[in-house]
Amino acid sequence: MENGSTLRKRWGFRSNPELNMATDNTVRSVLFMLLSKLNNSDTRPVIPLGHGDPSAFPCFRTTQIAEDAIVHSIRSATFNGYVPPVGILPARRAVAEYLSQDLPYALSPDDVFLTLGCTQAIQTVVTVLSIPKANILLPKPGFPYYEAIAKSCHLEVRHFDLLPHKDWEVDLDSVNALADENTVAMVIINPGNPCGNVFTHQHLQKVAETAKNLGILVISDEVYDHIAFGKNPFVPMAVFASTVPVITLGSISKRWIVPGWRLGWLVINDRNGILKEHGIIDCITAYLNISSDAPTFIQGAVPDILSKTKVDFFSKIVNIIKEAANICYEGIQDVPGIICPSKPEGSMFVMVKLDLSVFEDIEDDVDFCVKLAKEESVIILPGNCVGLNNWLRVTFAIEHSALEEGINRLKAFCARHAKKP
Ligand SMILES: *Cc1c(COP(=O)(O)O)cnc(C)c1O
Ligand SMILES: *[C@@H]1O[C@H](CO)[C@@H](O)[C@H](O)[C@H]1NC(C)=O
């Protein structure tokens, strides 16, 4: 029966527009859009140069030691229950020992919080720092998940530049210019996603001193720890934890090539106890108390995964990635319209710049990637998604033959769209 009450709203809910806005330019959503552009009548395999998950390729299979650790953990029937929200002690201790190998001091298990991948570590630290009026300094280009979480927490984001012609070092002048009394932290990603750079010890020291002078925390995303294959060795930011408080984020996702296992960490590196004094540690615990935990059987496997994996496995993987980085860099050198200012030396990515003046009918980076997906079944992430318009982020961590095929298709595409003389 129709009556006057149909004028009243019938349902109390509606979509949350802020959430849609915060998440519409994440890597996932852009890659999903590109996949929908593929031409189904192209019988060639799709070449995925878009996201950094090489786990599907046989040459990137994880070590059997890690697989056995999971099986043992399950068969032991001791890791089936709920656990403390900060993680189980043996796993926290294992992460503390793993990270302490690269530090001038030993971390305690209490410094380590286990998370559902590095993703939840990011969510935790950003949420904890989101007090009214605060702002956070993020790198440009960067990893868009930080922006998405900051937006959803109403934390203001300010971007400092990474400098392409200085091996993507942090523009410390821009950090100084952006920070004010409401700045809480700056984020660095080392080895770099999306830039494939590895910061020097000297540069990290300057970052530490800059942050100390500004009175801000350094959040160091080291999810690609040790995936370094150029002139600079990987140096953890925590080496400078007596200069400035550092929160290190990491996971087993990238170094062990098991992003689906969802095991990460958030680690307090703070030699002077500044974070504790300011209640940050309690706040992290409080947030984890209301969050989901990393699966217990994965936590049960962590001590074996971290302590028993052989150096051979790591060096095999890094060598494959290094060779792939070379194939990619050399291949791109002779593609007209694509410029690579800095050879990748770490992580799984390189940023390349489009020279749009070379092309006849390419509007911008998104147009480039959409047409490339349609015409060549190659998926590449538009730079606009990581903060740089008219650049591309290319993942080279795929099997070498597929990478070579991808570069050849890229060349053919660029030649076809070049301005005719
Ligand atoms: C992959 C990635 C993450 C997320 O790691 P997970 O362990 O899969 O959650 C975080 N930060 C950066 C820079 C990444 O590339
Ligand atoms: C978190 O939960 C633990 C119990 O698991 C409790 O002891 C602790 O007080 C809680 N901490 C906060 C800050 O809520």
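For the numbers below, each heavy atom of this structure counts, side chains included, while hydrogens, waters and symmetry mates do not. All figures in this text were calculated on a predicted structure; none of them were measured in a lab. All ligand and atom numbering here is 1-based and tracks the order in the structure.
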As a test of reading the model: which N/O atoms of the protein lie under 3.5 Å from N/O atoms of ligand 1, and at what distance?
residue: ligand 1; atom: 7 (O); partner: C118; partner atom: N; Å: 2.8
residue: ligand 1; atom: 7 (O); partner: S251; partner atom: OG; Å: 2.8
residue: ligand 1; atom: 7 (O); partner: S253; partner atom: OG; Å: 2.6
residue: ligand 1; atom: 8 (O); partner: S253; partner atom: OG; Å: 3.2
residue: ligand 1; atom: 8 (O); partner: R262; partner atom: NH1; Å: 3.0
residue: ligand 1; atom: 9 (O); partner: C118; partner atom: N; Å: 3.1
residue: ligand 1; atom: 9 (O); partner: T119; partner atom: N; Å: 2.9
residue: ligand 1; atom: 9 (O); partner: T119; partner atom: OG1; Å: 2.5
residue: ligand 1; atom: 9 (O); partner: R262; partner atom: NH1; Å: 3.4
residue: ligand 1; atom: 9 (O); partner: R262; partner atom: NH2; Å: 2.8
residue: ligand 1; atom: 11 (N); partner: D221; partner atom: OD2; Å: 2.7
residue: ligand 1; atom: 15 (O); partner: N193; partner atom: ND2; Å: 2.8
residue: ligand 1; atom: 15 (O); partner: Y224; partner atom: OH; Å: 2.8
residue: ligand 1; atom: 15 (O); partner: K254; partner atom: NZ; Å: 3.1

- prompt: Protein residues near ligand 2, heavy-atom distance below 4.0 Å?
  reply: P85, D282, A286, N289

field: Check: Y224 ring centroid to W256 ring centroid under 6.0 Å
entry: no

- prompt: Quick one: are the ring centres of H226 and F234 less than 6.0 Å apart?
  reply: yes

Should we count [atom1] of [X] as having more than 12 external heavy atoms under 6.0 Å?
{"X": "K316", "atom1": "NZ", "value": "yes"}
{"X": "Q64", "atom1": "CD", "value": "no"}
{"X": "K411", "atom1": "NZ", "value": "yes"}

- request: Name all pairs fulfilling the ring-ring contact (aromatic ring centres under 6.0 Å, His included) condition that reach into residues 104-143, sequence neighbours left out, sorted by first residue then second.
  value: none

field: Summary of ring-ring contact (aromatic ring centres under 6.0 Å, His included) pairs that have at least one residue in residues 194-218, sequence neighbours excluded
entry: F199-H203, H201-F240

field: Residue of the set V170, I188, V239 for which side chain to side chain contact (heavy atoms under 4.5 Å, CB included) holds with L204
entry: I188

message: My understanding is that only one of N269, D270, I268 makes a side chain to side chain contact (heavy atoms under 4.5 Å, CB included) with V246; could you say which?
response: N269

